[in-house]
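In what follows, every heavy atom counts, from backbone to side chain, and hydrogens, waters and symmetry copies are set aside. Nothing fancy with the numbering, it's 1 onward along the sequence.
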Amino acid sequence: MKRRKLVAGNWKMNGVAADLAEVAAIADAARANAAVDVALCLPATLIARAACAVPGFAIDGQDAHEAPLGAHTGCVSAAMLLDAGASLTIVGHSERREAQGESDSTVRAKAETALAAGLAVILCVGESDAVRDSGKAVATVATQLDASLPSANHRRLAIAYEPIWAIGTGKVPSTADIAEMHAALRERLVAAYGEAGQAVRILYGGSVKASNATEIFAIDDVDGALVGGASLKATDFIPIVEAGAR
């Protein structure tokens with residue numbers, strides 16, 4: 001099945017009002033490359049301003065709490081993201097799984113709450129270097145996906161495979177390793193959702209940049225990318241968008 005590619009930037013804890021010019025330049029490039037879907041997942045403090053600055057372009061969130069509202073100091077709900085102008089959120093990024101101790105069940109709850117509220121979701125999975133070195137990467141990540149998948153609304157779901165050891169390090173798995181993992185994730189999606197699992201996009205993330213994007217996008221079952229550091233500057237991100245549009 002041919003799936004439309006999605007290239008999403010994750011700004012993490014970066015970005016203030018002075019960076020809206022970068023957002024505008026990326027939005028312009030997205031309009032010029034209509035064959036690929038493009039999104040920027042910004043800090044919550046910047047979403048509303050960015051959405052107003054570039055109407056019609058996908059400005060999105062980096063996380064949403066599993067509860068719809070309540071006494072959760074410092075957290076952001078799915079309804080808040082929608083109200084700010086977002087249409088999508090990341091859940092389960094490894095930096096939250098590790099630093100905030102988020103479990104698979106928490107990630108699943110976040111995904112289900114966000115989807116039920118009307119957001120699209122990029123659900124992240126990935127293995128550590130120790131797991132990769134042990135030879136158990138595929139089994140570990142497949143198990144993580146099974147335990148994190150929402151039970152419904154999968155038509156607005158994408159998966160991002162991000163090997164933890166590749167995030168921000170410049171290291172990238174071999175094309176054979178990426179292909180093996182994405183094939184295994186596709187198998188699990190079909191097991192969970194039937195033939196509808198063929199339509200769920202699987203993104204690759206982990207040191208994606210202009211110099212390797214074309215090669216990565218050519219791999220079977222790679223339906224786009226979740227890009228970290230290279231999404232902060234339009235000059236770095238636009239060539240990745242262009243590679244996704246080819």
Original post:
Among pairs that include at least one residue of residues 10-59, which meet ring-ring contact (aromatic ring centres under 6.0 Å, His included), considering only residues two or more places apart or in two chains?
Top reply: none
Subject >> Derivation of the side chain to side chain contact (heavy atoms under 4.5 Å, CB included) call for Arg246 and Thr214 >> reply: CA-CA 9 Å; Arg246 295 189 190 115; Thr214 298; 2.9 Å; yes
**OP:** Look only at the side chain of Asn212 and the backbone of Ser207, and say whether a donor-acceptor pair between them is shorter than 3.5 Å.
**Re:** yes
**OP:** Check Val208 against Ala230 and note the closest heavy-atom contact, atom names and distance.
**Re:** O-CB, 3.6 Å
Subject >> Asp236/Lys209 ion pair, N-O < 4.0 Å >> reply: no
**OP:** Measure the CD1-OG1 distance between Ile216 and Thr175 for me, rounded to the nearest 0.5 Å.
**Re:** 9.5 Å
**OP:** Tell me, with the steps shown, if Arg132 and Glu127 meet salt bridge (Lys or Arg N to Asp or Glu O under 4.0 Å).
**Re:** CA-CA 7 Å; Arg132 169 61 62 178; Glu127 84 281 3; 3.0 Å; yes
Subject >> Where Ala166 and Tyr204 come nearest, the two heavy atoms and their spacing >> reply: CB-OH, 3.9 Å
**OP:** Hey, can you tell me if His182 and Tyr161 have their rings parallel, tilted or perpendicular (30° and 60° cut-offs)?
**Re:** perpendicular
Original post:
Looking at Val222, Leu185, Leu6, which hits side chain to side chain contact (heavy atoms under 4.5 Å, CB included) with Ile202?
Top reply: Leu185
Original post:
Is any side-chain N of the basic residue among Lys171 and Asp129 closer than 4.0 Å to the acidic one's carboxylate O?
Top reply: no
Subject >> Pairs flagged by ring-ring contact (aromatic ring centres under 6.0 Å, His included) wherever residues 71-130 is involved - sequence neighbours left out >> reply: His65-His72
Original post:
Taking NZ, NE, NH1 and NH2 as the nitrogens, is one of them in Glu102 or Arg96 under 4.0 Å from a carboxylate oxygen of the other?
Top reply: yes
Original post:
Got a salt bridge between Arg186 and Asp220, using NZ or NE/NH1/NH2 to carboxylate O under 4.0 Å?
Top reply: no
Original post:
Is Lys5 salt-bridged to Asp223, cutoff N-O under 4.0 Å?
Top reply: no
